[in-house]
Every structure is written in C-alpha cells, then in structure tokens.
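See structure below.
The model shown is predicted, which means the values in this text are computed figures rather than measured ones. When reading the values below, keep in mind they use all heavy atoms of this one structure, side chains included, and skip hydrogens, waters and symmetry mates. Atoms within a ligand are numbered from 1 in the order they appear, just like the ligands themselves. Position 1 is the first residue of the sequence; numbering continues from there.
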Amino acid sequence: MHGTRIASILSKTEGDTVDAQPSRSPSVAGSTRSTGYPTRPPLRRFLTDCYEEFRTDNSGELADYIPELTRANPGHFGVALVTIDGHVYEVGDSAVPFTIQSVSKAFVFALALETVGEERVAATIGVEPSGEAFNSIRLTNDNRPFNPMVNAGAIACSGLIYGVDGKGAFERVRSKLSQFAGRELGVDEAVHVSETATGNRNRAIAWLLRNYAVLPDDVDAVLDVYFRQCAILVTARDLAVMAATLANRGINPVTGVQVITPHIVARTLSVMTSSGMYDYAGEWTYRVGIPAKSGVGGGIVAALPSQLGLGTFSPLLDNHFNSVRGLKVCEALSARFDLHMLNRNADVRTCIMADYDVYGISSRRSRPPHEQQILDDRHSDIRILELVGALNFGTIDYVTRRLTSEPPNAPLLIIDFRRVPDITSAGAELLGETLTALGNAGITTILSGFEETSAVWAAISARTAEPRRLRRFALLDDAIEWAEDQVIYRFGGFTDVKESTHLGEQALLAELDTDEIAAIVKLSTTRHYSAGQRIIAAGEPANSLFFLQSGMVSVKLRSGVRLASLGPGMEFGEMAILEQGRSADVFADTPVTCLELPLDSFADYRRLHPETSLKIMRNLAAILARRLVLANAKVDLLSAY
Ligand code: GLN
C-alpha cells in the first residue's frame, strides 16, 4: 500500500554526497560541497531522504479520544536511530517531546517480569495476539488479558508492580523507563489529567480485571499508575535509545548501563513481535519484520536485535492507531537494507582465519640445530587454529566439526582468540564439550590471545571438564613456544641452557678453523649478565656483537613484542656488522655468559684476514636469509586465508 513511496526512496542514487536536508552543522555540508568527499554516513542520508519524502504525507488523524492529544502539531515528524555502538542519528523533530502512551507497555512489561518474576506474570497475562484493537474489552477463556501489549494486559502489568510497590509503583516505572532512555523522564500533566477524565473504557477494562481478581483492590490507584505511565514525555531520540537498549541485550548503548537482563529482553521483543502493532501486528511482522511498539501519541519504537533501535514521532495515525509516517520510515528502512529479522545470513566458515601446523613456522625462540630438527620432523604434532570475530552457536559448531571430522593427529592443539571479542554461552558450551572430549583423548589444548581475566576465557574454561589438558597463554607465540617445548621434551630432551658451548658452534662462525676461532676469542671479552638485565638497548650505537655461550636472551621491540629468544651457540647484535645503531633491546632471560666482540677490532681483523671475513659475511647472509624465509612463511600463511 505504500509501495510507490518506498520505491522512490529505494531508488535514490548512490554516491550522492549532499544532503537534501539543511545540515545541522553547516561546516560539514560546506566541506562536502567543496571536495566532493562524502562526509556523512549513508544511513544519515537515508534517514534524511525518508524525512523529506514522508513529511509531505498529511494523511491520518490525531488521536482524539484523549482530548489533550488533539493539541499535537500534525506537522511534527522526527526520526532517530541509535546503533548498537551508541551512535545517534537524528532527523527532523527528533527532540520534540510527546507522550509515550502505549509504547510504555513494552518497557513496563519488561519491568513487571523483573519485579515479580516470569511465573507470576505468566499466571496473570497471556502472550497470544488478540487480533483486536488495543482497547478491546475482551479477555481469554481463562479470563486473563490476551497479552501485555493491549490495554488490559498493560493495566494488569501496572497492577503487578503496584502490588509490590503500592504508591511507589509509578516512580519505579518512571525510573526504569528513564534508564532505558538514558535520561530522567517527566510527565505531561495535562495529558494525564485529560486521560484520567475521559478514560472510562480503560476503567471498564480495569474493573473487569478486578472482577476476575487479576487486579488488586485499589483499581483506581492502579489505573493512575497506568494513565501516568502513558503520559510520560519522550522524544523520538529517547525512543531510539530505549529501542537500542532492547536491541543491545538490555545494555543502554549510550550510557553503558545494563537496564534489564537479556532473558527479559527476549521475552519483551517476543510480545512486541506478535502484538506490538495492535491488530496490525501480523501484517507488520510479515512486511517489516522488526519487533516494534506504537503509541497513540504518535511514537513508534522498533528494535532489531544486535543491529539498531529506531524511534519515530509523527502524531497522525492510521485506522489501526499507528503513526502513518513512522510506519513508512520503518517499512522503508527494513526494505532498503533488507533488515527483516527472519532474513539473516552468516557464513560460519569465516571464523577460522588460519589452520596450520608448525611446518616452516616456529615460535620466535631460535632453537639449536638438534632441537630444530625434532620440530622439523614432528611439525604436525602441533596444530594451530586462529579464530576471528565474535563466536556463537553456528561458528563454534563449525569449529568443533573441523576438529572432530579431521581428527587432529596432533597431540597439541592451539586455538588463538586474539581476534575474538566475544563468545555466546551457546558457543562456549559447544567448545567446552569438545575440549573436554579432546582432553579425555589425551590431547592438550592451549588457548591463546586472552588474559586470565578475560570473559571469553572464563566462559570456555568454566565449561571444560579436563583442566589438566587445558592451558592458556596471553600470546600465541608463547603458546607455540610452550607446545614446541613439549615436543622437544618428548622426542629428545633439551639443551641445558647453563651448558657452555664452543664458539665453533656459532652459526656466524661456521666453517672457520680452530686458529681463526682462537683469533676471534682473543679479540673478545667474556661478559656475565644476571636474569632480567638489559644487554643491548635500542637506539644505542652498534659497536659490538655477542656470542651467547650459556643462558637465554630475548630480543624485544620497545613495544614489548618479542622478536626472538636465543640460546647457547647463537649470536646477537650481529646486525651491527651492517647497521650503525641497535634496532631492538636484548635482555638476559636467565644468567647469561657471552663473549663480546668489539666491532672495530673485528674490522681490523677482517682487513688482515679477507678469507675468514668472506666466510663470516657468507654466514651472516645465510642467517638473514633463513630469517627472511621464516618471515615470508608467516606472511604467506596469514594472507592465504
Ligand atoms: N493511554 C492510551 C490508552 O490507554 C494508550 C493507548 C495507545 O497508545 N494505544 O488508551
């Protein structure tokens, strides 16, 4: 029925960088014109286009059964959209206050669930669509209101809260709705007085409920809570924030406050979906597919879970008492961006960013040759899975199928979470069960990429029943190193780091004969460092190189990133041969003994012994080439996925 209008909104050309609507910040519009660079997000432009197009529609009527509502300005039209990260888009009269009316029903229902619990609410009010107008005086066969979105159900909700708080009931309602909106909301006294004076139909409903003991004795007091809650003043912006709070699992995305539990949010959105738009609800869900609630003051809230909250205000109503322009905005938004809640898609496979073993890839710990040989032989003993994005039921199911259908012959499985911001409880449940089963099968799983305090780690570890076989490392590299240590330990043991090595084992001095090595030793000085001591500082002039004889050192960038860990028989600071200054820090991880060879005496020696010099330079080239091959393998791995 709104087909043609929506079609014209939908056909607005892409790439148009200038708003039709005069900008609220002229400087932005000005710069847009001068450079052609789009300085406004397309969603803002879309909302502006909607506003421009639908404002000219003057069809519909003001609600007049509450006399005060006829004083509304029929020209008012405001739209606000709040994203899940708390960004607020506003167009038109988004700051004009109006009474919330039936939109309150959704939030008061949530409050009733919170206040008296699900069981009491269910015993009092149904959740079936009534198929009738909001103010119908009809109850279900067992004499309960059909649902909390029609007046009978909403009055029953107010009654439940009144039963707990008595005179404090309205304040509880006002305060809760204020939390949803993120600011203190007030009441339009004139509208309240007006509805109190004329609300005999609601009085009839309330007394009918009293007859069936759905309401307590104080019928008038309960009605006053209901009339007052309907007269709460909001703006389209407020409604958008309130809706976004529902869309964001109960956390107000603007204030960050958890207003209501995710469980209650799901119940509230359910009744909004089935009954939120009065007797238009079925059609609405079919066409728009976004949980919504409207009110006779001209407001509509629409909450699309995990996407957005929309608030619209335009007091001209159609024959279902829904705001004409508001309805059009919702329809256009849903159609233009394909937002129907039942039209979802997701490619679960994108959650695995990389799946590999340590063939050609190793941790940044440089291993002595016999250890490296073990790792080269046993590379498939360590399998690494790097996950990406928020994980949920579908993605983790995919991960667990990958793990179980391709049984990891690897006894060590590393799963990296550094690109995972979140996991749902369903995801953690599925993963925990799989990790438990892998643990029982003797496989050790190492999770990396989060701190001890991480919620993702807490969720997964709490559901894994084989803690002996579950480890955590903050850094993937440390996890790989730990796994490598396990493999080396199983297949040949370690080089004792305290054991001194002969200089002839240094890669830089390979192929040198004993005389040549003796000459190098003569030029060098033995140095001792204690654990934690800095041996080389980035930025200092590079005037010597070191041969590590015992202990371990780590080469680190200023950022703390570890470039390499080295053990006996390895050199460091050797880049001094090529570069003027030190590019990284080197720390002793354990007590360290090394030989320091000053660069100037080394240079003299090389001049006198060009043959030896050639061997050393060739060795240096080989060391650098190996490093490059390793770095390329890592880059290749990441870009292959
Ligand atoms: N206060 C109004 C009433 O009870 C609310 C109705 C509505 O917004 N649909 O009639």
Side-chain angles (χ1 to χ4, degrees), residues 60-72 97-109 125 129-138 145-159 162 170 173-174 177 185 187-209 215 219-220 222-234 236 238-239 242-243 271-272 274-281 284 292-302 311-324 326-327:
E61 307 282 336
L62 296 174
D64 58 5
Y65 74 97
I66 301 173
E68 189 66 19
L69 292 183
T70 59
R71 295 166 59 101
F98 58 95
T99 54
I100 189 168
Q101 299 298 341
S102 276
V103 176
S104 64
K105 288 170 179 162
F107 302 95
V108 175
F109 173 58
I125 309 158
S130 66
E132 294 189 23
F134 65 89
N135 55 5
S136 157
I137 311 186
R138 219 189 102 205
F146 277 87
N147 66 67
M149 301 295 106
V150 293
N151 286 12
I155 293 169
C157 277
S158 306
Y162 182 84
F170 175 70
V173 169
R174 192 203 61 81
L177 267 57
L185 300 175
V187 170
D188 187 325
E189 291 301 341
V191 172
H192 173 238
V193 168
S194 179
E195 183 164 19
T196 305
T198 56
N200 290 327
R201 196 178 169 97
N202 282 327
R203 239 167 241 121
I205 293 172
W207 282 104
L208 183 66
L209 293 175
L215 283 190
V219 175
D220 286 332
V222 172
L223 272 167
D224 193 56
V225 173
Y226 173 73
F227 288 147
R228 246 178 227 283
Q229 96 189 26
C230 289
I232 286 176
L233 280 166
V234 289
D238 292 329
L239 291 186
M242 295 170 88
V271 291
M272 286 167 70
S274 54
S275 313
M277 300 302 275
Y278 313 129
D279 41 338
Y280 185 66
W284 171 268
K293 183 76 202 87
S294 72
V296 294
I300 296 180
V301 289
T312 63
F313 165 53
S314 172
L316 290 173
L317 308 180
D318 68 11
N319 51 357
H320 298 283
F321 290 88
N322 290 320
S323 163
V324 174
L327 220 69

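Of the possible polar contacts, none joining the Arg138 side chain to the Ser130 backbone as a donor-acceptor pair under 3.5 Å is found. In this structure, the side chain of Asn147 engages the main chain of Val150 through a donor-acceptor pair within 3.5 Å. Distance alone, capped at 3.5 Å, places no donor-acceptor pair between the Thr70 side chain and the Asp64 backbone. Under the 3.5 Å distance criterion, the side-chain polar atoms of Ser136 are left unmatched by any main-chain donor or acceptor of Glu132. Looking at Arg174, its side chain does come within 3.5 Å of a backbone N or O of Leu185 through a donor-acceptor pair.
Taking atom 4 (O) of ligand 1 as the reference point, the nearest protein heavy-atom neighbour is Tyr226 OH, 2.6 Å. Atom 1 (N) of ligand 1 has as its closest protein heavy atom Gln101 OE1, 2.6 Å. The protein heavy-atom contact nearest to atom 7 (C) of ligand 1 is Ser102 OG, 2.5 Å.
Of the N or O atoms in Asn151, one or more lie within a sub-3.5 Å distance of an N or O in ligand 1. Checked against a 3.5 angstrom limit, the closest N/O atoms of Tyr65 and ligand 1 fall inside it.
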From CA spacing to verdict: side chain to side chain donor-acceptor pair (under 3.5 Å), Asn151, Tyr226: CA-CA 9 Å; Asn151 286 12; Tyr226 173 73; 3.3 Å; yes
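If you look at Arg201 next to ligand 1, there are no close heavy atoms at all, none under 4.0 Å. Residue contacts with ligand 1 for Tyr278 involve side-chain atoms from C-beta outward but no N, CA, C or O (heavy atoms, distance under 4.0 Å). Residue-level proximity to ligand 1 for Phe321 is absent, since no heavy atom of it falls below 4.0 angstrom. Looking at Val103 against ligand 1, nothing comes within 4.0 Å, counting heavy atoms.
One distance of note links CZ of Arg71 with CG of Asp188; it measures 9.5 Å at 0.5 Å rounding.
Close contacts of ligand 1 with Cys230, meaning ligand atoms under 4.0 Å from a residue heavy atom, involve 1 (N). For ligand 1, the atoms lying closer than 4.0 Å to a non-hydrogen atom of Gly295 are 8 (O). Residue contact check: Asn202 has heavy atoms under 4.0 Å from atoms 3 (C), 4 (O), 10 (O) of ligand 1.
Classification of the Phe134-Phe321 ring pair by plane angle, with boundaries at 30° and 60°, yields perpendicular.
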